[in-house]
Amino acid sequence: MTVSIEDRLGLQDLIAAYSWALDTGDADALVECFTTDCEMREEVFEDPDIWHGHEGIRGLMAHYAGAPGFPGRQHHVTQVQYFPQGDGSVKMRGFAFVTECHDEPPYELRFAGWYDDHAVKGEDGKWRFRTRIVRLWDGKVLEKFPGHGDWKPRKRPDSLVIRK
């Protein structure tokens with residue numbers, strides 16, 4: 001099975017729409033990137049963050065909109081691989097980098113990891129995330145290297161504490 005060029009472009013548009021919405025604080029556009037029954041997970045810190053449904057996605061945006069270090073960040077996704085599923089959905093994985101643009105250059109690389117995604121095409125022809133998982137570049141993804149493969153939880157910086 002392969003993913004058509006048209007669907008690949010639609011999936012690339014989805015990834016771009018997510019990044020632009022998140023990095024510009026556009027909650028409505030961010031919600032549009034997800035199915036109503038979605039799950040978004042950030043498996044980065046010692047206590048993973050999990051958001052469900054559109055209200056959860058609005059909560060994710062509200063948190064980051066209020067985090068003092070977040071405005072100025074840019075999410076970059078590269079080298080995406082597409083894995084078509086028998087039901088017409090597509091699983092994807094891609095490298096994730098987050099830069100932080102504050103004050104004068106040089107700017108900082110704030111995050112290096114990967115996205116583990118599952119997208120579905122709606123009746124309107126648009127692709128949306130059913131699940132999106134953000135992971136650091138450690139743990140399972142490095143398990144084929146001797147001495148690697150264990151996830152090392154990171155302490156959450158105060159500027160990213162989730163306020164529920």
Side-chain angles (χ1 to χ4, degrees), residues 3 8-27 29-34 38-52 56-84 89-119 127-164:
V3 177
R8 280 180 184 253
L9 291 173
L11 290 161
Q12 288 175 11
D13 286 347
L14 170 62
I15 292 166
Y18 167 90
S19 296
W20 275 93
L22 185 63
D23 295 341
T24 61
D26 189 340
L30 189 64
V31 166
E32 184 61 28
C33 294
F34 290 88
C38 68
E39 179 177 281
M40 171 76 189
R41 300 174 63 94
E42 290 185 349
E43 296 179 357
V44 176
F45 304 113
E46 61 229 348
D47 53 334
D49 300 309
I50 305 170
W51 296 275
H52 295 281
I57 299 303
R58 287 190 185 284
L60 174 150
M61 188 73 260
H63 162 71
Y64 283 121
F70 193 83
R73 290 190 178 193
Q74 293 177 321
H75 288 70
H76 306 267
V77 183
T78 65
Q79 297 174 301
V80 177
Q81 292 182 302
Y82 304 89
F83 305 98
S89 65
V90 176
K91 291 190 176 184
M92 301 176 289
R93 66 181 178 190
F95 293 133
F97 302 98
V98 178
T99 56
E100 189 172 285
C101 304
H102 291 148
D103 302 317
E104 295 296 319
Y107 298 126
E108 293 184 45
L109 176 64
R110 298 297 293 177
F111 178 83
W114 62 292
Y115 284 107
D116 184 359
D117 298 323
H118 189 185
W127 286 95
R128 291 180 177 84
F129 294 113
R130 177 178 289 153
T131 60
R132 180 153 239 220
I133 305 171
V134 182
R135 294 189 171 111
L136 286 170
W137 194 251
D138 73 355
K140 175 176 119 169
V141 74
L142 299 178
E143 68 187 358
K144 293 183 179 169
F145 292 102
H148 296 276
D150 293 326
W151 180 67
K152 297 172 187 75
R154 287 6 185 242
K155 182 175 174 8
R156 182 185 307 275
D158 290 338
S159 65
L160 296 179
V161 170
I162 305 298
R163 293 166 183 87
K164 295 183 181 183

Peer 1: Identify which one of M92, R93, R8, Q12 satisfies the side-chain contact (heavy atoms from CB on, under 4.5 Å) criterion when paired with V80.
Peer 2: M92
Peer 1: side-chain contact (heavy atoms from CB on, under 4.5 Å) between Y18 and V77: does it pass, once the steps are laid out?
Peer 2: CA-CA 10 Å; Y18 167 90; V77 183; 6.0 Å; no
Peer 1: Are Y115 and R132 close enough that some pair of their side-chain heavy atoms sits under 4.5 Å apart?
Peer 2: yes
Peer 1: How many angstroms lie between CE in M40 and CG in D117, if you round to the nearest 0.5 Å?
Peer 2: 8.5 Å
Peer 1: Please determine whether the number of non-hydrogen atoms from other residues, nucleotides or ligands lying under 6.0 Å from atom CH2 of W114 exceeds 12.
Peer 2: yes
Peer 1: Measure up the F34 and F129 rings against each other and bin them: parallel (under 30°), tilted (30 to 60°), perpendicular (over 60°).
Peer 2: tilted
Peer 1: If every non-hydrogen atom of V90 is compared with every non-hydrogen atom of W127, which pair is closest and at what distance?
Peer 2: CG2-CH2, 3.6 Å
Peer 1: Are R41 and T131 side-chain neighbours, meaning at least one heavy-atom pair lies under 4.5 Å?
Peer 2: no
Peer 1: Output all residues satisfying side chain to side chain donor-acceptor pair (under 3.5 Å) with E46, sequence neighbours left out; order by chain, then residue number.
Peer 2: none
Peer 1: Working note: F95 + H76, criterion side-chain contact (heavy atoms from CB on, under 4.5 Å); need CA distance, chi angles, decisive distance, verdict.
Peer 2: CA-CA 8 Å; F95 293 133; H76 306 267; over 6 Å; no
Peer 1: Minimum heavy-atom separation for H148 to L142, with atom names?
Peer 2: CB-O, 3.4 Å
Peer 1: Hey, are the side chains of D49 and R156 touching, using non-hydrogen atoms and a 4.5 Å cut-off?
Peer 2: yes
Peer 1: Between D23 and R73, what is the shortest heavy-atom contact and its length?
Peer 2: CG-O, 3.3 Å
Peer 1: Run L22 and L60 through side-chain contact (heavy atoms from CB on, under 4.5 Å) and show every step you take.
Peer 2: CA-CA 9 Å; L22 185 63; L60 174 150; 3.7 Å; yes
Peer 1: Does anything in residues 135-144 pair up under salt bridge (Lys or Arg N to Asp or Glu O under 4.0 Å), and if so which pairs, sequence neighbours excluded?
Peer 2: E43-R135, D116-R135, D138-R154
Peer 1: side-chain contact (heavy atoms from CB on, under 4.5 Å) between L109 and F97: does it pass, once the steps are laid out?
Peer 2: CA-CA 7 Å; L109 176 64; F97 302 98; 3.9 Å; yes
Peer 1: Kindly give the heavy-atom pair with the smallest separation between V44 and W151, and that separation in Å.
Peer 2: O-CZ2, 3.5 Å
Peer 1: Using the ring-ring contact (aromatic ring centres under 6.0 Å, His included) criterion, which residues pair with H75? Sequence neighbours excluded.
Peer 2: F70
Peer 1: How long is the span from the CZ atom in R110 to the NE2 atom in H102, to the nearest 0.5 Å?
Peer 2: 9.0 Å
Peer 1: Testing the basics here: between I57 and C38, what is the closest heavy-atom pair and its distance to 0.1 Å?
Peer 2: CG1-SG, 3.7 Å
Peer 1: For Q74 versus C101, what's the shortest heavy-atom pair and its separation?
Peer 2: OE1-SG, 3.8 Å
